[in-house]
Amino acid sequence: YTRTGAGVWIPDPDAVWVSAQLLQDYSPGENHLLLQLSNGKVRHLHYPLDSPSDLPPLGNPDILEGENDLTALSFLHEPAVLHNLRVRFLDYSSIYTYCGIVLVAINPYDQLPIYGEEVIDAYSGQDMADMEPHIFSVAEEAYRTMTRQEKNQSIIISGESGSGKTVSAKFTMRYFAVVGGAAQQTSVEERVLSSNPIMESIGNAKTIRNDNSSRFGKYIEIGFGRKGDIIGANMRTYLLEKSRVVFQASAERNYHIFYQLCASRELPEMRSLKLDAPENFRYTNQGGEMQIPGTDDLSDLERTRSAFTILGVQPDQQMELFRILSAILHLGNVNIQASGRSSERNDHSLAVFSKLLGVEGPQMAHWLCHRRLAVGGEMLAKPMSGRQAVEARDALAKHIYGQLFTWTVQRLNSALRAQRGHVKSFIGVLDIYGFETFDQNSFEQFCINYANEKLQQQFNRHVFHLEQEEYVREELAWSRIEFSDNQQCINLIEGQLGLFDLLDEECRMPKGSDESWVQKLYDQHLTSKPHPHFQKPRMSNSAFIVLHFADVVKYECDGFLDKNRDTVFEELVNILKASQSELVAELFQQQENAPSLANGGVRPGKRATREHKLTVGFQFRQSLQMLMDTLNSTTPHYVRCIKPNDFKEPFVFDPKRTVQQLRACGVLETIRISAAGYPSRWTYEEFFSRYRILLRGLRSPEQVQSLCKQNLPQLIPDPDQYCFGKTKVFFRAGQVALLERLRAERLHVAALIIQSRVRGWLARIRYARILWAMVTIQRYCRGALARRLALTLRYTKAALVIQKTYRMVVVRQLFLVIRQATITIQAFTRGTLLVAERAAVLLQARVRGWLAREAYRRVRAAVVLMQCCVRRRAAKRELMKLKTEARSVERYRELNKGMEVKLMQLQLRADQQELHALQRERDSLFQERDELSDRFLKQEKKQEALRAELDEERRKYQGLLREFARLEQRYDNLRDMSLLTEVHNYNPSYRNSEIVPQKYSLAVNTILVVFFFSPNDNIRVDSAVSLPPGLPASVIFLCVRQADCSGDQTRARSLCSAAVTAMKAALKVTSGFEPARCTICLTYNAKGQYHSTEDDTDTIAAFLSAAPVVSRLSIPLYSVPALLEAETIPGLCGSAVKLGTSRKRAGSDPRTVGGDAPTMASVLRELGALHTALSHQALPPTLIEQAFHQLTYLISASALNSLLLRKDMCSWSRGMQIRYNVSILEEWLRSRSLQAGGAVATLEPLIQAVQLLQAGKKTEADARALVQTCTALSSQQIVKILTLYTPHSDLDERVTLNFIRSVQGLLKQRSDGHPPQILMDVRRVFPVTFPYLPPTVVHAEQLVIPDSLKISFLRKA
């Protein structure tokens, strides 16, 4: 309070607490504080102070904001708890928070993707202190403690109605079913979950605060066997609110089952029940609420009937149960007159009631209105008044419903009972009502609050015991911690002459009444011996007030005696015992054999003292004491469910309602107990890492503890404010804030010194720069002046040159003009004379040409004439010769011969024309053929497309066949488990008497035993790896092939099933790479041999189901810590640097040092051994690549899931370490040439998550870069990492909410195909592709079988 700017919390009527800052230092004696509210509404606020004890609570430092454990806060008080829960719930969307050993669960009223199987796998086997708070973390802690210490556990889930208790219990049981074993155990979980609709219908009802409020408590014991698998369950119920059957307050309903039956009245099988609308029944219309919005009573009844069927209740018994429930409704409509008689002998409701229950109607009508008295040894029937008859009718209805509820619970327990084995230990899940206070509180609220008082006492003492264990373990010199014990309030209720004793005593009185009982309470606890927890209201004489641990509750005494008695006349019960209905008779006959009645006593004509002890209060105290004994004999784990608002709005935080529940559920009491001792606990390494700037001396990491013990007294003068333990240093409340202030002051002083040195250095640098600038300016000025003078001189010289040149150019231009004119005149003169000479020459040439042409024409005419004369003379001579030849015979012959030649020429010409026609026809045919070929090619392309689609459909069909074969194989595996049990009973002396197929079965079983198991059921890796390559697969292959050849398909499938079952058992019994080496070698070799054959696909279908099992290799748990935990990074700062470990959850137990810390070297050593074993077995490289592809995916997915669930891993320094470890793994994979199979690509999500940790996270550009870089991460994963990011040094800052919102906006624009869940699916199995290998001929004679296997008889077969 002496430092301006310190944060405080002040009360507020709306927000309960608001934060403010000191504007002025506080001095002792001042009567007010000057504050400024953080919300900015009030700038200056004067906070009044009457005494120093009125000072407001101080705020915690920023480093503790959003802590996942409330006890880690420096200042432990109500506003700090409320603020931390609000920040985690609204800003980080985290609904779970630790409070010491308590898990606080806030109902989000929304579906969150944090309950999938991948989340269960991520929490399985992890330490509670390492992971983010989760219901699975509590379940894992209980399961690990049970298996490690062999001690029973209990998980106590409490909270208000509607806070999520039932959902938390369901997820807890689901977690146990998943981690508890094989497939047959999940049926127990299915039966337990199937009981929920039944218990909700008969035990839940609508109240003012909740539409589905449980009106009873239940404790489910889940039994586990020797191997940690679930083998059974048992349910116990507490305090059913039977008064709701006959009375409901305004805006409330009766139990759901009545409205479900009324809604199904039109069904054919329900018409015999004579039901009507719920408005027409007295037992369902009192509250005025007939329908719950958003629910369908008819469909709810179908779910209830389906659940009954799953639990083995036959349909005829279900109808018997519905008849009894319908009879209760009709009983409520029986009209009782004021005189105590039934309205009419033929009352319709009474007749239907009697018919449904199979009892005599007149007898029932008579004993509803009469009671039997014993007078002088004689039995007399006395009429009752109308009020007494109505009470008797309502008591009978409540008694019938109570017996039916008890029978249903017993039937469920018989269905959940362990069918095999012995329950070695159990984990109990208690789903019980929280503290209740209404405007009118009656007997039920009194019992509920009494139960919460007992549970709170047990909780306080357990927390106190854990605190003492912590101090003893650390060897602290401690004094007894004082805490508020509610034993006085419990004594007021259950002690001698307490409220229950006086109530039972008043019930024994013949004329006892509620008023007389309350008067006795006043006399005993106000007048005679005043009790500090008992008060009387000022304005009422029929009520009393009890000061409970959570609140002050006023109880109205009206109806206490009747509800406590809860009796029914013996005559009415005897009538029901004689019922014709077997179920009705069973309900009321079984209470005779019970040592005490579970739902009230039966009142005969003469009351017995023994039976008066069996009141509801007495029974409830007994059952509650049994529950407390059970809880005290187990190790409890606590879950407190909080209802954030009354409107069921998602992620809406009402501080008033939250604080009310925190006070009622004991969370603040945990804070008070923790604050009474040393709430802040730091290991010496954590303290040195955070506050080493405050320590003086040699800061060596090896002397951390001595250094802390030496310097801490100088920092905190009061030795009572801290204490040194073996591994931790403990601080009282507020001391961490003091250390933070000292650290901030030391950093401030150091910052001032650094600033002064830096400012002086900057000033000197600035002076040197100014001096250099001045010299430079002077130099440049002198140079400029010199250049200016030189330029002037150069300009003067240039002007002279220009003048001279200009004058020369002018004179030259004049000379050139004169010369050009002279030349032109000469040219024109000479041209005139030359034209006349040219004209004369041209005329002469034309005349001479004409004369030459005329002479040539005359000579040519003469030559032509001479030629004509010569040719005419020669023609005449030829004519005479032809006339002479025409007259001879030879001429005719020559002519005929010429005609034949012409005919042949004509024929040849005709043939050529026909040939041309044929060629044209051939060309047309060829063209048509080309067109048909084109069309055929197009059709072939279409057929290829159709054939591709057909192949795709065929592959899908084959995939479905493989899936069917896998499912069928799972069934065969369960059926053939007996083969493995026969293996251990094998006696070699009987082998000669077995038939041939049984010999092969014996051989397969023997090789499996030698290959996998030792006589003590342990994996025998050495003997398996030392066998010749492929020997086990070859033996199994030969045996199965021999069975195929003999035609015994059943035997062949059995052999394959036995082999697969043995491999599954090998992977389940132990973890690590050792069984994986043997299993993957055997499976891949055997499948490779089967893959090379095509004889019988049905026989090898069983072996095909082994691929998913073998592909899901058992990764040792240390492979994930080796990637994430700290290791040395060589080369940083000149030497190897060890990154500091992050701070663990406060109050967590330290790790047991049972071996060396996991390292990447050990992981790579195991991977190398696996690679060597696979290579030794001569597996193809493609199969080895696929195996490591699956293995690296599992390692990467597990590491990323652990990173997403651990806040201490999300920092810049941790990202650098993880990236270094991943690079080592990448380098190893590339050195073995495994990157071709996709092994390196599976590490990309983890690499991008590390890049996200190391990237900048402030500006919009950073947000865009993150979205563009992290393509392998989903939007939910990116936001989760940004939310969990926690700086581990002052140089780093938290990610602001504005930056996260901007990233979310950018992610919405990105269309990625990632699944919506946050964690990666570690159960994903990649398909295995087997390369085709030529089949090898294998003979038994060629196999080198060691004699130790004792299967040499195979060669004789």
Side-chain angles (χ1 to χ4, degrees), residues 102 104-105 107 154-170 172 196 199-200 202-220 235-245 248-249 252-256 402 405 409 428-459 486 489-490 493 546 548-551 553 555 563 599 616-617 619-621 623-628 630-631 636 638-643 646 657 660-667:
V102 182
V104 180
N107 193 346
S154 291
I155 299 178
I156 303 173
I157 304 175
S158 63
E160 265 196 14
S161 178
S163 59
K165 300 187 299 296
T166 304
V167 175
S168 298
K170 181 178 69 173
T172 302
N196 287 333
M199 300 307 297
E200 287 183 2
I202 65 175
N204 289 22
K206 180 185 182 302
T207 62
I208 299 176
R209 295 184 177 179
N210 188 12
D211 293 341
N212 189 30
S213 175
S214 299
R215 308 314 301 164
F216 69 101
K218 63 180 177 181
Y219 183 70
I220 301 177
M235 182 188 302
R236 284 187 280 173
T237 59
Y238 303 95
L239 193 64
L240 175 68
E241 188 184 9
K242 293 190 293 183
S243 62
R244 184 170 293 273
V245 177
Q248 306 91 43
E252 294 189 356
R253 293 206 321 173
N254 206 329
Y255 291 105
H256 296 325
F405 184 85
V409 173
V429 180
L430 178 62
D431 177 8
I432 198 166
Y433 19 64
F435 190 87
E436 288 188 354
T437 172
F438 300 106
D439 294 336
Q440 290 187 353
N441 301 284
S442 186
F443 180 75
E444 291 80 10
Q445 283 72 39
F446 180 71
C447 293
I448 289 173
N449 294 339
Y450 164 62
N452 279 272
E453 287 282 355
K454 297 284 287 185
L455 291 174
Q456 182 65 24
Q457 184 187 47
Q458 189 268 347
F459 171 74
N486 58 346
C489 184
I490 294 175
I493 298 174
V546 177
H548 291 284
F549 75 95
D551 202 354
V553 184
Y555 297 99
K563 294 177 181 178
N599 294 291
V616 174
Q619 296 172 54
F620 182 69
R621 278 182 289 171
S623 60
L624 185 59
Q625 187 58 43
M626 292 175 58
L627 174 63
M628 299 309 300
T630 302
L631 296 180
Y638 300 94
V639 179
R640 297 294 189 253
C641 298
I642 303 297
K643 187 177 181 180
D646 291 328
R657 294 285 291 116
Q660 180 184 5
Q661 296 171 76
L662 289 175
R663 295 169 181 169
C665 70
V667 173

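In what follows, residues are counted from 1 in the order of the sequence shown. This structure is a prediction, so every number in the text was calculated from the model and none was measured.
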**Prompt:** Quick one: side-chain contact (heavy atoms from CB on, under 4.5 Å) partners of Arg663, sequence neighbours excluded?
**Reply:**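 Residues passing side-chain contact (heavy atoms from CB on, under 4.5 Å) with Arg663: Glu78, Val659, Leu668.
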**For Ser154, side-chain contact (heavy atoms from CB on, under 4.5 Å) partners two or more places apart** =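 If we apply the side-chain contact (heavy atoms from CB on, under 4.5 Å) test to Ser154, skipping adjacent residues, the hits are Tyr219, Leu631, Thr634.
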Output the distance between atom [atom1] ([X]) and atom [atom2] ([Y]), rounded to the nearest 0.5 Å.
| X | Y | atom1 | atom2 | result |
| --- | --- | --- | --- | --- |
| Thr172 | Lys170 | OG1 | NZ | 11.0 Å |
| Glu241 | Ser214 | CD | OG | 11.5 Å |
| Gln457 | Ile490 | CD | CD1 | 3.5 Å |
| Leu239 | Gln619 | CG | CD | 10.5 Å |
| Ser168 | Ile155 | OG | CD1 | 10.5 Å |

[X] (side chain) donor-acceptor with [Y] (main chain) under 3.5 angstrom:
| X | Y | value |
| --- | --- | --- |
| Gln248 | Arg244 | yes |
| Glu200 | Asn212 | no |
| Lys206 | Arg253 | no |
| Glu453 | Phe549 | yes |

**Test applied, side-chain contact (heavy atoms from CB on, under 4.5 Å); reference residue, Tyr255; option that passes from Asn204, Leu240, Ile202** =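 The option that passes is Leu240.
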**Prompt:** Which pair of non-hydrogen atoms, one from Leu624 and one from Ala451, has the smallest distance, and what is that distance?
**Reply:**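 Scanning both residues completely, I find the closest heavy atoms to be CD2-CA, 3.7 Å.
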**Message:** What verdict does the side-chain contact (heavy atoms from CB on, under 4.5 Å) test give for Thr207 and Arg215, after you've listed the backbone C-alpha separation in whole Å, the side-chain angles of each residue and the deciding distance to 0.1 Å?
**Reply:** CA-CA 10 Å; Thr207 62; Arg215 308 314 301 164; 4.0 Å; yes
Non-hydrogen side-chain atoms of [X] and [Y] separated by less than 4.5 Å:
| X | Y | answer |
| --- | --- | --- |
| Gln458 | Ile156 | yes |
| Met199 | Phe405 | yes |
| Ile157 | Cys641 | yes |

**Request:** Decide side-chain contact (heavy atoms from CB on, under 4.5 Å) for Lys165 and Ser163; before the verdict, give the C-alpha distance in whole Å, the side-chain angles of both, and the deciding distance to 0.1 Å.
**Result:** CA-CA 6 Å; Lys165 300 187 299 296; Ser163 59; 3.7 Å; yes
**Request:** Would you tell me whether Ser243 and Glu444 have side-chain atoms, one donor and one acceptor, within less than 3.5 Å of each other?
**Result:**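 The criterion, which ignores hydrogens and geometry beyond distance, is satisfied for Glu444 and Ser243.
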**Message:** Go through it in stages, so that I can follow the logic: the residues are Met628 and Leu455, the test is side-chain contact (heavy atoms from CB on, under 4.5 Å), and I'd like the CA-CA distance, side-chain angles, deciding distance and then a yes or no.
**Reply:** CA-CA 8 Å; Met628 299 309 300; Leu455 291 174; 3.9 Å; yes
**Request:** Considering only NZ, NE, NH1 and NH2 on the basic side and carboxylate oxygens on the acidic side, decide whether Glu160 and Arg657 come within less than 4.0 Å.
**Result:**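 A salt bridge is present here (some side-chain N lies under 4.0 Å from a carboxylate O).
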In residues 428-440, what donor-acceptor pairs under 3.5 Å come from side-chain atoms, sequence neighbours left out?
residue	atom	partner	partner atom	Å
Asp431	OD2	Thr166	OG1	3.4
Tyr433	OH	Tyr238	O	3.3
Glu436	OE1	Gln445	NE2	3.4

**Residue pair His548, Asn452: steps toward the side-chain contact (heavy atoms from CB on, under 4.5 Å) verdict** = CA-CA 9 Å; His548 291 284; Asn452 279 272; over 6 Å; no
